[in-house]
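Right, one structure below, let's go through it.
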Amino acid sequence: MDENEKLDELIDSYLDASMSEEERVAFEARMANDPELRKEVDVQRSIIKAVRKERLEQIISNEEEKIKNKGKIRKLFIPVGSLALAASLLGLFYVGYMNSCENLASRYYAAYAYTPPPSRGGDDLALTKSDSLFFDALLQYENNNTKVAITRLKSLLDSDSEMLVATDLDIKWYLSLAYLKKGEKRKATALLQEIVNMPNNEYQGKAKDLLKEM
Amino acid sequence: MKLTDTDRIAYIRARDEYMIQKIYSLYRDEFLMFMRKRLWKEKDLVLDVYQDSFMVMCSKIYENKLNEANLTSSLKTYLFGVGEMKARNINRKKDNLPSKDIDNFPDIEDDVDEGLGEENEKIIQEAVKEMGEPCHTILVKQYWERKSTEEIAMEMHYISRNAAKTMKYKCMQKLKGELKGKIVYQN
């Protein structure tokens with residue numbers, strides 16, 4: 001680790017309040033005599049705040065979406081005429097359908113386990129952009145940003161870019177789960193059928209079982 | 001299970017996203033009713049004020065400026081106090097008549113960051129939002145989820161803890177480099 005990397009870690013410790021009292025006093029004395037270091041710390045503090053703020057905004061936005069949807073579903077239950085009753089039953093069915101698709105997808109989902117090959121002479125294995133996109137897609141899936149996950153996985157299937165961590169088969173499996181989670185059963189079925197038809201692959205058994213349950 | 005303010009502060013501090021959403025919902029409706037009277041000429045801003053106030057409260061908890069020990073009133077009172085301050089600022093700008101209600105809220109310090117200033121904070125906020133991957137994910141895992149470098153290495157499939165550390169450092173340096181020409185320092 002070079003000196004700059006050590007400084008980055010030191011700034012993190014300071015901002016995290018994980019330094020000892022002695023270390024903190026010494027670091028603050030150093031900052032008082034070094035305006036450039038002071039600026040570096042201020043910027044890093046603001047970056048950390050920005051990361052937290054962005055995540056909080058997302059949490060709040062998700063909750064507002066739930067509140068809005070609750071309001072929409074509540075309207076379906078106003079007992080005014082048989083049309084309203086039919087509409088509420090439809091709403092119930094939709095909620096039940098979505099819940100069952102989500103439950104099914106979550107039962108078959110397992111986090112992707114990538115085992116890198118042994119390193120050569122201590123060099124780090126450089127992941128490609130497509131590899132990063134794949135992992136990001138799974139992260140979006142796990143965070144219930146299913147639409148984004150689908151977009152990312154589809155783009156990976158459509159591109160010819162080099163990937164180290166996953167194959168087309170892996171992508172198809174996770175894409176089928178993402179479609180199912182979103183309630184797009186037809187698209188999920190089509191992909192799962194492709195997987196079943198490919199000879200002797202690790203997802204074949206699971207794909208068959210999932211198709212039976214669907 | 002009935003939660004106390006101590007519990008709520010602990011959940012917020014722990015970044016428990018499920019509980020943060022619950023706490024957000026808990027105060028929402030009452031706050032909006034309260035704020036509609038304060039911002040009777042700016043009703044469109046009421047939800048924005050709630051969201052900003054909630055984020056200020058959470059930020060104070062993360063910076064340890066608000067904690068179980070120094071919370072002199074209730075968390076709800078603190079939150080409403082932040083909202084009251086924001087409403088006053090909005091009304092002052094619009095030259096609305098000041099509220100005649102007795103101010104029962106505790107002193108809430110200004111939420112504007114004293115370090116770099118509001119404009120610079122906005123620039124940094126935008127830069128963080130626009131970060132590509134894997135940098136964005138690494139910073140979220142480190143600074144929001146508070147994962148260790150070992151955990152980040154495992155979850156992001158880096159070959160070692162040091163590889164994850166180096167990647168995080170490179171991401172930070174890249175971001176700081178992008179901000180260099182844009183941030184104006186006030187001496």
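Numbers restart at 1 for each chain; the letters A, B, ... are given by sequence-line order, proteins then strands.
- Side-chain atoms of A/Glu9 and B/Tyr169 include no donor-acceptor pair closer than 3.5 Å.
- The CD1 atom of B/Ile183 lies 7.0 Å from the OG atom of A/Ser46; values are rounded to the nearest 0.5 Å.
- Looking at B/Arg15, the atoms closer than 4.5 Å to chain A (heavy atoms on both sides) all sit in the side chain, from C-beta outward.
- There is a side-chain donor-acceptor pair under 3.5 Å between A/Asp12 and B/Gln142.
- A/Arg52 CZ to B/Tyr62 OH: the interatomic distance, rounded to the nearest 0.5 Å, is 8.0 Å.
- Contact annotation for A/Glu40: both backbone and side-chain heavy atoms come within less than 4.5 Å of a heavy atom of chain B.
- Side-chain contact of B/Lys176 with A/Gln44: a donor-acceptor pair under 3.5 Å is present, judged by distance alone.
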Would you please test A/Glu63 and B/Ser25 for side chain to side chain contact (heavy atoms under 4.5 Å, CB included) and show each step? CA-CA 8 Å; A/Glu63 187 61 15; B/Ser25 281; 2.4 Å; yes
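- A/Ile67 is listed as a side-chain neighbour of B/Arg28, based on a closest heavy-atom distance under 4.5 Å.
- B/Tyr24 is listed as a side-chain neighbour of A/Ile60, based on a closest heavy-atom distance under 4.5 Å.
- With a threshold of 4.5 angstrom between heavy atoms, B/Phe54 approaches chain A through side-chain atoms but not through N, CA, C or O.
- With chain A as the partner, the residue from B/Glu133, B/Lys170, B/Gln173 showing the most heavy-atom pairs under 4.5 Å is B/Glu133.
- Counting heavy atoms from C-beta outward, A/Arg55 and B/Glu145 have side chains that stay 4.5 Å or more apart.
- Between the CD1 atom in A/Ile47 and the CG atom in B/Leu175 there is a gap of 4.0 Å [rounded to 0.5 Å].
- Two residues are said to be in side-chain contact when any heavy atoms from C-beta on lie closer than 4.5 Å; A/Glu64 and B/Gln51 meet this criterion.
- Each of B/Glu155, B/Met154, B/Lys129 has some count of heavy-atom pairs under 4.5 Å with chain A, and the biggest count is that of B/Lys129.
- A salt bridge links B/Lys168 with A/Asp8: at least one charged nitrogen is closer than 4.0 Å to a carboxylate oxygen.
- Heavy atoms of other residues, nucleotides or ligands lying less than 6.0 angstrom from NZ of B/Lys37 number 12 at most.
- Looking at heavy atoms from C-beta onward, A/Lys49 lies out of side-chain contact with B/Gln125 at the 4.5 angstrom threshold.
- Neither the backbone nor the side chain of B/Lys122 comes within contact range of chain A; no heavy atoms are under 4.5 Å apart.
- Heavy atoms of B/Leu139 lying under 4.5 Å from chain A belong to its backbone as well as its side chain.
- Counting heavy-atom neighbours within 6.0 Å of A/Glu213 CD, excluding the residue itself, gives a total above 12.
- Side-chain contact between B/Asn120 and A/Asp42 is absent, with no heavy-atom pair separated by less than 4.5 Å.
- Between the B/Gln21 side chain and the A/Ile59 main chain, a donor and an acceptor come within less than 3.5 Å of each other.
- Side-chain contact check for A/Leu56 versus B/Ile20: some heavy-atom pair is nearer than 4.5 Å.
- Within the 4.5 Å cutoff, side-chain heavy atoms of A/Glu54 are placed close to those of B/His136.
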